[in-house]
Enquirer: 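Submitted below is the structure of interest, expressed as structure tokens.
By convention in this document, chain letters (A, B, ...) are assigned in the order of the sequence lines, proteins followed by strands, and residues within each chain are numbered from 1.
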Protein chains: 2
Amino acid sequence: MKRKRIPQTTIARLPLYLRYLLKLARKGLRIISSYELAEHVGTNAAQLRKDLSYLGEFGTRGVGYDVAELIRQISKCLGLTKEWKIAIVGMGKLGPALLGYKGFEQEGFKIVAIFDKNPKKIGKKMGNLVVSDVTNLKEVIEKVGGVDIGIITTPASVAQKVANQLIDAGVRAILNFAPVTLGVPSNVVLRQVDLTTELQILSFHLT
Amino acid sequence: MKRKRIPQTTIARLPLYLRYLLKLARKGLRIISSYELAEHVGTNAAQLRKDLSYLGEFGTRGVGYDVAELIRQISKCLGLTKEWKIAIVGMGKLGPALLGYKGFEQEGFKIVAIFDKNPKKIGKKMGNLVVSDVTNLKEVIEKVGGVDIGIITTPASVAQKVANQLIDAGVRAILNFAPVTLGVPSNVVLRQVDLTTELQILSFHLT
DNA sequence: CTATGTGAAGAACTTCACAGCT
DNA sequence: AGCTGTGAAGTTCTTCACATAG
């Protein structure tokens with residue numbers, strides 16, 4: 001097939017495929033069909049095959065997909081072969097919860113710096129990191145050798161300012177939990193996780 | 001216009017419009033153009049006008065939209081005129097963080113029950129609620145007069161079981177934070193918030 | 001003249017259905 | 001015979017561009 005740009009929607013599904021494949025691998029399964037895999041991630045076989053076809057041809061007709069091979073290919077596509085360095089800004093309630101989440105490190109995301117602006121929190125140890133003053137964000141990030149992804153868990157009122165600081169410190173990807181729409185230059189990737197929005201969407205469907 | 005079904009994508013944007021409109025209202029602004037509103041929520045004017053056109057015709061040509069009226073209409077569409085009752089299952093790290101989040105109550109989402117299975121946590125007071133045993137989920141939910149939305153913040157391994165319990169207790173909408181794809185009957189609405197997935201999507205774009 | 005509302009065109013995504021390998 | 005890979009068809013969403021109203 002002529003290789004085309006991978007659709008956004010496909011990219012969003014790849015992590016789900018990967019997660020289930022890793023589960024299968026742990027159980028010792030070696031082969032899986034598009035039907036079974038699709039079923040477990042809540043999609044259909046045609047969709048799954050189309051998604052995978054954007055990455056290449058990894059299946060065996062009449063048989064199915066090799067679990068280990070698929071894991072390798074999806075990981076490669078998602079850029080999960082290297083370790084990404086993360087900074088979290090905002091050590092209120094959500095920040096420490098994310099810091100304590102074991103899942104990240106397992107998947108190759110390493111938190112290397114945490115920030116807050118509250119003097120009572122600065123210098124405090126959390127996990128195995130010490131909270132830095134957000135005022136020194138750029139210097140601290142330089143000292144740890146740069147950060148790939150910035151997670152914003154501050155109040156909405158300061159989120160844009162923090163985003164600007166992160167970008168100024170060379171961060172190229174931002175995951176924002178603050179309930180505000182951020183503006184970033186086109187060379188920076190932004191994802192928004194918005195709890196109130198999620199609840200409001202549920203509310204719509206309940207109505 | 002003949003009123004058609006509102007697209008999913010429009011529904012996902014309405015909360016963003018609403019949030020910015022509320023900010024404007026607080027500042028005392030009464031009129032806003034599609035251009036300015038679109039700019040602040042990261043979309044374009046045509047998109048915004050099309051989105052709003054699904055709800056009705058609220059603008060004034062040559063002038064713009066009345067802020068208060070738009071707030072009223074979007075709130076109505078999203079079903080935000082009543083208070084929704086929420087239960088959180090899983091009082092590990094994320095659960096308490098969500099419980100402490102002030103944003104929910106402000107927007108009409110009231111947390112009325114919290115659950116865990118750890119005996120050390122059951123009976124403990126958190127916020128102004130007491131942690132109930134997840135084993136009694138159905139009875140507790142009945143006692144508080146029913147719950148509209150269930151939030152799952154348990155480990156992935158028990159998330160499906162918890163989802164089933166919630167559904168059995170009459171919950172019709174679920175917001176799942178556990179890193180696993182849940183299966184629910186078609187009369188139940190499910191939204192997934194998946195932190196690892198978000199990071200992996202960012203990773204893709206960094207690669 | 002300004003800004004909305006909206007058919008129509010265009011782009012993106014999903015599903016179909018079957019050819020192509022094993 | 002069984003399951004993948006994929007053009008083509010179908011659907012949904014976005015953008016255009018202009019008629020319409022104030």
Enquirer: Step by step, work out the side-chain contact (heavy atoms from CB on, under 4.5 Å) result for Leu166(B) and Ile152(B).
Expert: CA-CA 9 Å; Leu166(B) 285 167; Ile152(B) 300 178; 3.8 Å; yes
Enquirer: Starting from P on dT6(D), measure out to CG on Leu48(A) and report it in whole angstrom.
Expert: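 To the nearest whole Å, that distance equals 14 Å.
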Enquirer: What is the distance, rounded to the nearest whole Å, between atom CG of Leu37(A) and atom C1' of dG5(D)?
Expert: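 To the nearest whole Å, that distance equals 16 Å.
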Enquirer: Look at all strands and tell whether Phe58(A) reaches a base, only sugar-phosphate, or nothing, counting heavy atoms closer than 4.0 Å.
Expert: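 Sugar-phosphate: the residue Phe58(A), judged by heavy atoms under 4.0 Å, touches backbone atoms but no base.
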Enquirer: Show, in sequence, the C-alpha distance, side-chain angles and deciding distance for Thr154(A) and Phe177(A), and conclude whether the side-chain contact (heavy atoms from CB on, under 4.5 Å) test is met.
Expert: CA-CA 8 Å; Thr154(A) 65; Phe177(A) 287 82; over 6 Å; no
Enquirer: Is a side-chain donor or acceptor of Ser75(A) paired with a backbone partner of Ile71(A) at a separation under 3.5 angstrom?
Expert: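 Checking the backbone N and O of Ile71(A) against the side chain of Ser75(A), a donor-acceptor pair under 3.5 Å is found.
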Enquirer: Under 4.0 Å, heavy atoms only, any strand: does Tyr65(A) hit a base, just the sugar-phosphate, or nothing?
Expert: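 Sugar-phosphate, backbone atoms only, no base.
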Enquirer: To the nearest Å, how far apart are Lys50(A) NZ and dC16(C) C1'?
Expert: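 Nearest whole value for this atom pair: 10 Å.
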Enquirer: Please give, in whole Å, the distance from dG7(C) P to Glu57(B) CD?
Expert: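 Interatomic distance, CD of Glu57(B) to P of dG7(C): 10 Å.
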Enquirer: Applying side-chain contact (heavy atoms from CB on, under 4.5 Å), run through Leu48(A) and Tyr35(A) and close with a yes or a no.
Expert: CA-CA 8 Å; Leu48(A) 182 135; Tyr35(A) 297 89; over 6 Å; no
Enquirer: Taking the side chain of Gln47(A) as its heavy atoms from C-beta onward, which of dT15(C), dT4(D), dT15(D) lies nearest to it?
Expert: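 Among the listed nucleotides, the one closest to the side chain of Gln47(A) is dT15(C).
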Enquirer: Which atom pair, heavy atoms only, marks the closest approach of Asp116(A) to Met91(A)?
Expert: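 That would be OD2-N, 2.7 Å.
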Enquirer: How many whole angstroms separate atom NZ of Lys4(A) from atom P of dA12(C)?
Expert: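 Those two atoms, NZ and P, are 9 Å apart.
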Enquirer: Whole angstroms only, please: what is the CG-P distance between Asp51(B) and dT15(D)?
Expert: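 Taking atom P of dT15(D) as the reference, CG of Asp51(B) is at 10 Å.
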Enquirer: Heavy atoms within less than 4.0 Å of DNA chain D: which residues of residues 198-207 of chain A have one? Give them sorted by number.
Expert: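 Close to the strand, none.
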Enquirer: Measure CG/Leu55(A) against P/dG5(D) and give the value in whole Å, please.
Expert: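 Atom CG in Leu55(A) sits about 11 Å away from atom P in dG5(D).
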Enquirer: Check this for me: does any side-chain nitrogen of one of Asp168(A) and Lys138(A) sit under 4.0 Å from a carboxylate oxygen of the other?
Expert: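 Here Asp168(A) pairs with Lys138(A) in a salt bridge, since their nearest N and O are under 4.0 Å apart.
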Enquirer: Rounded to whole Å, how long is the line connecting atom CG of Leu52(B) with atom P of dT6(C)?
Expert: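 About 11 Å, once rounded to whole Å.
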Enquirer: Taking only side-chain nitrogens and oxygens of Asn44(A), does any of them come within less than 4.0 Å of OP1 or OP2 of dT14(C)?
Expert: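 Answer no for this pair, as no side-chain N or O of Asn44(A) is under 4.0 Å from OP1 or OP2.
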Enquirer: I'd like to know whether Phe115(A) forms a side-chain contact (heavy atoms from CB on, under 4.5 Å) with Ile141(A), so could you lay out the CA-CA distance, the side-chain angles of the two residues, the decisive distance to 0.1 Å, and finally the verdict.
Expert: CA-CA 10 Å; Phe115(A) 297 91; Ile141(A) 283 183; 4.1 Å; yes
Enquirer: I'd like to know if the side chain of Thr153(A) reaches the main chain of Val89(A), judged simply by a donor and an acceptor atom lying under 3.5 Å from each other, with no hydrogens or angles considered.
Expert: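 The answer is yes, because a donor-acceptor pair under 3.5 Å joins these two groups.
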Enquirer: Any sub-3.5 Å donor-acceptor pair from Trp84(A)'s side-chain atoms to Gly79(A)'s backbone N or O?
Expert: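 Yes, Trp84(A) side chain to Gly79(A) backbone: donor-acceptor pair under 3.5 Å.
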Enquirer: Would you tabulate the pairs of protein nitrogen or oxygen atoms and nucleotide nitrogen or oxygen atoms of nucleotides 18-22 of chain D closer than 3.5 angstrom?
Expert:
residue, atom, partner, partner atom, Å
dT20(D), O2, Arg61(B), NH1, 2.6
dG22(D), O4', Arg61(B), O, 3.4

Enquirer: Does anything in residues 7-34 of chain A reach DNA chain D, meaning a heavy atom under 4.0 Å, and if so which residues?
Expert: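 Of all residues in residues 7-34 of chain A, the ones placing a heavy atom under 4.0 Å from DNA chain D are Ser33(A), Ser34(A).
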Enquirer: Using 4.0 Å as the upper bound for N to carboxylate O, is an ion pair formed by Asp51(B) and Arg13(B)?
Expert: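 Between Asp51(B) and Arg13(B) there is a salt bridge, with a charged N closer than 4.0 Å to a carboxylate O.
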Enquirer: Of Gln47(A), Glu39(A), Arg49(A), which is the lone residue that meets side chain to side chain donor-acceptor pair (under 3.5 Å) with Ser34(A)?
Expert: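 Going through Gln47(A), Glu39(A), Arg49(A) one by one, the side chain to side chain donor-acceptor pair (under 3.5 Å) with Ser34(A) is satisfied by Arg49(A) alone.
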Enquirer: With heavy-atom distances below 4.5 Å as the criterion, would you say the side chains of Tyr20(A) and Thr181(B) are in contact?
Expert: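 No, too far: nothing below the 4.5 Å cut-off.
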